[in-house]
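These notes are about the structure you will find just below.
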Amino acid sequence: MPHDPDPPPAKKFKPGSVFFRLDKNKPGMLLPRKGNATTPIDVQRKQLPIYQAKPQLLNQLRQLHNAILIGETGSGKTTQIPQYLYEAGIGRQGIIAITQPRRVAAISLAGRVAEEKRTQLGKLVGYTVRFEDVTSSETKMKFMTDGMLLREAIGDPLLLRYTVVVLDEAHERTVHTDVLFGVVKTAQRRRRELNKIPLKVIVMSATMDVDLFSEYFNKSPVLYLEGRQHPIQIYYTKQPQSDYLQAALVSIFQIHQEAPPSHDILVFMTGQEEIEALARTCRDIAKHLPDGCGPMVVIPLYASLPPAQQLRVFQPAPKGCRKVILSTNIAETSVTISGIKYVIDTGMVKAKRFNPDSGLEVLAVQRVSKAQAWQRAGRAGREDSGSCYRLYTEQEFNSLIPMTVPEIQRCNLAGVMLQLMALGIQDVINFDFMSKPSPEAVRSAVEHLELLGAVERKEGQVSLTALGKKMATCCPQPHMTILLSPDYSCSEEILSIVSLLSVDTVLYNPPARREEVLAARKKFTSSEGDHMTLLNIYRAFKKVSGNKEWCRENFVNSRNMGLVKEVQAQLKEICLKLNLKLESCGADTGNVRRCLAHGMFVNAAELQPDGSYLALDTHQSVAIHPSSVLFQAKPAYVVFNELLHTSRCYMRDLCLVDADWLLDAAPEYFGRKLHLTKS
DNA sequence: GAGCACTGC
């Protein structure tokens, strides 16, 4: 880097401990991870590290009802274990289910195993994810998302179709996996009590920290598998860095000047804004590098990028040019990029936390856990040895929490509680979670459901009402708008809106093209709020039959929009099953807003004389999120979809409503709330 | 004046 007065932190790096030691006695560890196309599949299978352990593994798995399997990346556990079980005739009376947190993983793993078994996908080996079921009566090995198995459990709590359930990627501790832990444990016990065919549960994790898993599943044995991770050199800074972005910048150019250009760099950062900013800075600096320093291509990576832009991270840089990827934690698990030689870890992550007292989601930048830091480092050693530069000291690393707090302990539990009750679990308040959520969070969720009329209390027990049952079938996050929509003759519109809000975002906002975005969006903007604006965009999208060019011109994420269409079709089907009338209110959008006011009355806010807003439920001071079309407006009453605490407490996705509608929706509730406001 | 990452009906 030119003209930098301070010695760059990369110079201050000292070698840390090598996490993955290379064992020279095991030449298998240096085999390329991807199968060689010229090597026959059965030979490839035998070259996997797990193959050596096959006899002992089968011996154990045959006897055990529960097992915890630890295997590093590349051990082959996910593709081989189901086949080993099947080939050995274990669990032949039923289906072997293998769950994954992500749908792409479920689909591609099924494809790989079908190929290894030389069968057509959907026959012996299949997969089930939302919108797609590629299985048949012949299917014995079924890859599925964990959410999908949960859904199936509502109709069949004992999971009788399955003889083995393999919970893969358990270390990620998603809400779905955590609920599944309890569901399979209960099913296992009940099946034993009822003398049904036993259920075998195998928990697979990539991290060694599995005491909790073992303890939870009746002290089940832990089996270790060797992986194929290459050695990674870890470097720490000598001094704590007050500005991790500056440290990242300096480190990028330090590596850029010293390392061969074919070595790509992956930088873990917290969010879109800082990624785009650093990308700009890097490109500027790269233009003025001294001679002998090769060119560099800087590629941002985060989830809300349109698909075409995300694909850029997989394109190899031109010869002699270095690829620098600036990414959020999306590259920790979901996106695997080959050719990464250097990882720069800022040690920070943006994550959601949930405060049950305020009912507030807080999105904040925080330190990563140790497990996360190792996960990030591991991204440098997938094909060959690599290095990870941690922009914090070894001492700082040692003070990190060992594991990321499981999601179940930092989310709104209303949906989980609704689902558990739909599963027929009697005592949801004391459900046997592996990591118990706080009693306050459970209480707050049950109260929320009570307010919606989804549950009722009898003698200290809570149970699902008829409305609650319908809610559980139509929406994972409990709300009433869909069920109320026939009363307002606007179910078509409400289904569209719910679908639009169920995906991350259908809008694409490249910061560099702000003016263009605003101009393009103007023609859809409704003074009635974000729901109506989204509806306008959706209607226009359908009018052009989802034309990709139209999406690009209007800064609409076509992939997510396609998803919206699928969700809407699915919701329609459910509505038909529930005998809900499907009709459109046409141009009378007032009905849609009345329905939203009624369905979301708990999320109402009132304009205060000083121009701020007050959330009527919690009496918190809130503000309109700058992304809202109502940001500049000052409507007297709004309902909002969610509260998000970042720099302030923001309402997101707002709809303009009348005070009268709110009062009509819940006279008693608002009588109380509005009274409180005045006092 | 601002948007970590997944998933399911």
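Residue numbers begin at 1 in each chain, while the letters A, B, ... track the order of the sequences.
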Exercise for review: Would you kindly give the CG-to-C1' distance between A:N560 and B:dG3, to the nearest whole Å?
Suggested key: 13 Å
Exercise for review: Looking at every strand, decide which applies to A:T270 at a 4.0 Å heavy-atom threshold: base, sugar-phosphate, or nothing.
Suggested key: sugar-phosphate
Practice item. Could you tell me whether a side-chain N or O of A:Q568 sits under 3.5 Å from a main-chain N or O of A:S499, the two making a donor and an acceptor? Key: no
Check your understanding: Counting only side-chain N and O atoms of A:Q272, is one of them less than 4.0 Å from OP1 or OP2 of B:dG3?
Key -> no
Check your understanding: Rounded to whole angstrom units, what separation is found between the CG atom of A:L149 and the P atom of B:dC6?
Key -> 22 Å
Exercise for review: With heavy atoms under 4.0 Å as the rule, sort A:N509 into base, sugar-phosphate or nothing.
Suggested key: base
**Study point:** Residue-phosphate contact under 4.0 Å: A:S502 side-chain N/O, B:dG8 OP1/OP2
**Key:** no
Point to revise | Interatomic distance, A:F131 CZ vs B:dG8 P [rounded to whole Å] | key: 8 Å
Revision key, fill the gap. By nearest-nucleotide position on DNA chain B, the 5'-leaning member of A:S647 and A:Q477 is A:S647
Check your understanding: How long is the line joining CG of A:D504 and C1' of B:dT7, in whole Å?
Key -> 11 Å
Exercise for review: Give a yes/no answer on whether the side chain of A:T328 brings an N or O atom under 4.0 Å of OP1 or OP2 in B:dA5.
Suggested key: yes
Exercise for review: Answer yes or no: does a side-chain N or O of A:Y650 lie under 4.0 Å from OP1 or OP2 of B:dA2?
Suggested key: yes
Practice item. Answer yes or no: does a side-chain N or O of A:S627 lie under 4.0 Å from OP1 or OP2 of B:dG3? Key: no
Review point. Where the side chain of A:T270 meets the backbone of A:M348, is there a donor-acceptor pair that is under 3.5 Å apart?
Key: no
Exercise for review: Test A:F431 against A:V442 for side chain to side chain contact (heavy atoms under 4.5 Å, CB included), laying out the working first.
Suggested key: CA-CA 10 Å; A:F431 184 70; A:V442 175; over 6 Å; no
Exercise for review: Nearest-nucleotide wise, let me know which of A:V335 and A:T646 is further upstream toward the 5' end of DNA chain B.
Suggested key: A:T646
Point to revise | Side-chain N or O of A:T333 closer than 4.0 Å to phosphate OP1/OP2 of B:dC6 | key: no
Review point. Between B:dC9 and A:R130, is there an OP1 or OP2 to side-chain N/O distance shorter than 4.0 Å?
Key: yes
Exercise for review: Could you check whether the rings of A:Y508 and A:F555 sit parallel, tilted or perpendicular, using 30° and 60° as the cut-offs?
Suggested key: tilted
Practice item. Select base, sugar-phosphate, or nothing to describe what A:R173 touches, counting heavy atoms under 4.0 Å on all strands. Key: nothing
Exercise for review: Can you establish whether the number of heavy atoms outside A:K370 located under 6.0 Å from its atom NZ is more than 12?
Suggested key: yes
Practice item. Report the distance from atom NZ of A:K352 to atom P of B:dA5, rounded to the nearest whole Å. Key: 11 Å
Practice item. With heavy atoms under 4.0 Å as the rule, sort A:E273 into base, sugar-phosphate or nothing. Key: base
